Amino acid sequence: MVRLRIQEVELRRPDLRKPFPRRFVQRLTGQTVQTLTRRAKYLLAALSSGETLLMHLGMSGSFRLEGHRSAAGTAARLGLDPHDHVVFHMSSGKAVVFNDPRRFGLMDLVPAGGLTEHPAISGLGPEPLSRDFDGRTLARACRGKKTSLKAALLDQRVVAGLGNIYASEALHVAGLSPLRRASVLATPAGAPRDAASRLAAAVKQVLQEAVARQTGRDYRDSRFLVYEREDEPCLKADCHGVIRRRTQSGRSTYYCPVCQR
DNA sequence: ACACGGACCTGAAGGC
DNA sequence: TGCCTTCAGGTCCGTG
C-alpha cells in the first residue's frame, strides 16, 4: 500500500486492546502511506504528515486485501465479518481490512518525531536479525537477571520481537534448558562458542527459518522442534529424550530435558 | 528496580 | 446434542 492515499477509513468499533487514538479517522484520511516498516512486532506506516501509524496484530490479527468497492457503498459489497474492525479504502480502489477476533491488536498514531519515545517502542531491545544482537549483547542484557532463560527471551527489552513459540524453539536449538537462570549467559566471558553466542545464533536461525517458511500465515500449519510436541520424541540427532511441557511465567514452555542443559 | 501473576478477549477443543 | 470449562497468544498493569 506504499505510495497510495488513504481515501476513507471505516472504524467499526471504538477500541481493540486499547481505544483508538482520538480523531483517528480524520487524522488518517487523505494521507499517503510513504513507507511500511517493522520494529519488533509492530508494523509502522510512515504517513505524508510525518505521523506514524503504529499497528500490532496481537495474536489473532491479520490484514487482507479486498477488491473494488462500488460507487454506491462499501460494507455490504466487501462482505465484512464482525471481526473486521478497520477498513482502509485506498486510492487504488482496493481496501485493506484489519481483522482481529480476539482484539489483542493495537493501533496508534504517533506524532512526527515521536516514534522513539513511544512507550511501545522506547524500551525495545535489539532486532534479533540485526548485527546489534549477538552473544555479547545478549550476555550483557542478561547480566544479573534473576529470571529464567525462557522469560529473558520473552522480555522485549532483551531482544525485540521474539514470542513464546520461538523462545522455546531457540533454546532447543542452542541446547539450553529454559529453566536455567538468565544470568548464566553472562558468566565465563568470551569463549568463542559460549552459551550466549549459541543462543543468539539459535534465535537468528529459528527466525530466519520461520520467515523462509512464511509461518506467520498460521502458526498451527507449522511443525516445530519442541512446541506443541509434548510426549513426542526429541528430534535432535542421537538424543533419545522426550519433549516435556511446563508453565513458566504463565506460558507454556516445551523442551527436551535430555539435550537441553 | 525488578519479577511475577492476573487481566484482557474469543474461538477451538475437550469433558460431561 | 449441547453446555460448560479450559487454554492459547502478547502486552500492560498492579502487587510484592
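Basis for what follows: all heavy atoms, side chains included, without hydrogens, waters or symmetry-related copies. Quick caveat, the model's predicted, so the values are computed rather than measured. Below, read A as the first sequence line, B as the second, and so on, with proteins coming before strands; counting in each chain starts at 1.
Under a cut-off of 6.0 angstrom, the local environment of CZ in A/Arg13 is crowded, with over 12 non-hydrogen atoms contributed by other residues, nucleotides or ligands.
For the helix from B/dC2-C/dG16 to B/dC16-C/dG2, the angle separating the two terminal helix axes comes to 50°, with each axis derived from five pairs and the value rounded to 10°.
A side chain to side chain donor-acceptor pair (under 3.5 Å) with A/Asn164 holds for exactly one of A/Lys150, A/Arg251, A/Glu169; it is A/Lys150. Residue A/Lys41 is tested with A/Met55, A/Met59, A/His56 for a side chain to side chain contact (heavy atoms under 4.5 Å, CB included); the sole match is A/His56.
In this entry the distance linking CG of A/Asn164 with P of C/dA8 reads 9 Å, nearest Å. Atom-to-atom, CZ of A/Arg38 to C1' of C/dG10 comes out at 15 Å; the value is rounded to the nearest Å. One interatomic measurement links the two molecules: CE of A/Met59 to P of C/dC7, which rounds to 15 Å at whole-angstrom precision. Put simply, CZ on A/Arg246 is 19 Å from C1' on C/dA8, counting in whole angstrom units. Computed from coordinates, the A/Tyr166 OH to C/dG10 C1' distance equals 15 Å when rounded to whole Å. When rounded to the nearest whole Å, the span between CG of A/Leu16 and P of C/dG10 equals 17 Å.
A/Gly250 comes within 4.0 angstrom of nothing in the nucleic acid, heavy atoms only. Residue A/Arg13 is out of contact with every strand shown, counting any heavy-atom pair closer than 4.0 Å. Residue A/Ser60 is classed as having no contact, given no heavy-atom separation below 4.0 Å to the nucleic acid.
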Scan nucleotides 11-15 of chain C against the protein and return all N/O pairs shorter than 3.5 Å with their distances rounded to 0.1 Å.
residue: C/dT11; atom: OP1; partner: A/His56; partner atom: NE2; Å: 2.7
residue: C/dT11; atom: OP2; partner: A/Lys41; partner atom: NZ; Å: 3.1
residue: C/dT11; atom: O3'; partner: A/Arg17; partner atom: NH2; Å: 3.0
residue: C/dT11; atom: O4; partner: A/Arg251; partner atom: NH1; Å: 3.4

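A 4.0 Å heavy-atom criterion places the boundary nucleotides of DNA chain B facing chain A at B/dA3 to B/dG11, written 5' to 3'.
Hydrophobic cluster membership is shared by A/Leu109 and A/Leu11, with clusters built from Ile, Leu, Val, Met, Phe, Trp and Tyr side chains linked at under 4.5 angstrom.
A/Phe224 and A/Tyr227 have perpendicular rings, their planes meeting at more than 60° on a 0 to 90° scale where under 30° would count as parallel.
Ranked by how close their nearest DNA chain B nucleotide is to the 5' end, A/Ser148 and A/Asp15 are led by A/Ser148.
Applying the under-4.5 Å side-chain rule to Ile, Leu, Val, Met, Phe, Trp and Tyr, the cluster around A/Val2 extends to A/Leu36.
The salt bridge (Lys or Arg N to Asp or Glu O under 4.0 Å) check on A/Arg229 picks up A/Glu232, with sequence neighbours excluded.
Here side-chain hydrogen bond (donor to acceptor under 3.5 Å, both in side chains) pairs that include residues 109-128 of chain A, with residues two or more places apart or in two chains, are A/Arg38-A/Glu127, A/Arg39-A/Glu127, A/Asp108-A/His118.
Checking side-chain atoms of A/Gln156 against main-chain N and O of A/Gly161 turns up a donor-acceptor pair under 3.5 Å. Between the side chain of A/His85 and the main chain of A/His83, a donor-acceptor pair closer than 3.5 Å is present. Proximity of a side-chain donor or acceptor of A/Asp100 to a complementary backbone N or O of A/Gly105 within less than 3.5 Å is detected.
Between A/Ser252 and C/dC7 there is no side-chain polar atom (N or O) within less than 4.0 angstrom of OP1 or OP2.
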